[in-house]
Amino acid sequence: MRLRPDRLRRIQEEAPGLSKPALVLRTTTERSEAVEAGAARLIGTDPEAPVSWATRLLDDPAEYRRMASAGNPFGDGRAAARILAQLAEDFAADVPVWLTASGPYSTT
């Protein structure tokens with residue numbers, strides 16, 4: 001298990017996609033999606049909070065797994081491929097074959 005305390009918004013966005021819990025060292029966040037999904041936890045600014053929460057996650061594998069498997073509320077990283085496939089389908093007559101659903105960017 002690896003833990004990374006977070007004060008940066010980017011980690012809050014990336015951690016769920018890597019199946020890692022995020023401990024957010026703030027009292028509020030602009031990216032509440034991960035907190036609402038259960039993949040991140042706002043632990044505040046108390047200097048003891050990171051140690052306490054890290055210990056909790058390391059000592060409680062069920063809690064770690066619950067947060068790690070909460071899912072990614074920001075998507076699955078395949079939006080561009082799906083958009084390209086849809087455009088290729090919609091405009092098949094005008095799109096080179098390498099961009100079609102049977103090409104290298106196929107989502108199937």
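For clarity, every value in this text was computed on a predicted model and none was experimentally measured. Basis for what follows: all heavy atoms, side chains included, without hydrogens, waters or symmetry-related copies.
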Interatomic spacing from NZ in Lys20 to CD in Glu14 - rounded to 0.5 Å
14.0 Å

Enter the distance from Arg41:CZ to Leu57:CG here, rounded to the nearest 0.5 Å.
8.0 Å

To the nearest 0.5 Å, atom CH2 of Trp53 lies from atom CG of Asp46 at 13.0 Å

What residues, two or more places apart in sequence or in another chain, satisfy salt bridge (Lys or Arg N to Asp or Glu O under 4.0 Å) together with Arg66?
Glu63

Heavy atoms of Pro50 and Pro47 approach each other most closely as CD-O, 3.4 Å

For Thr27 and Gly44, which heavy atoms make the closest approach, and how far apart are they?
CG2-CA, 4.1 Å

Extract all donor-acceptor atom pairs below 3.5 Å that involve side chains of residues 68-75 and protein atoms in other chains or at least two apart in sequence.
unit_1 : atom_1 : unit_2 : atom_2 : d
Ser69  : OG     : Arg65  : O      : 2.6
Asn72  : OD1    : Phe74  : N      : 2.8
Asn72  : ND2    : Gly75  : O      : 3.1

Gln12 side, atom CD; Arg26 side, atom CZ - distance, nearest 0.5 Å
6.5 Å

When you look at Arg82 and Asp76, which way does the side-chain contact (heavy atoms from CB on, under 4.5 Å) test go after all the steps?
CA-CA 11 Å; Arg82 284 194 290 276; Asp76 63 4; 3.0 Å; yes

Are Leu42 and Thr29 close enough, and set up right, to give a side-chain contact (heavy atoms from CB on, under 4.5 Å), and what steps lead you there?
CA-CA 8 Å; Leu42 288 171; Thr29 179; 4.0 Å; yes

For Glu48 and Ser52, run side chain to side chain donor-acceptor pair (under 3.5 Å): C-alpha distance rounded to whole Å, both residues' side-chain angles, the deciding distance at 0.1 Å, then the answer.
CA-CA 6 Å; Glu48 299 298 320; Ser52 174; over 6 Å; no

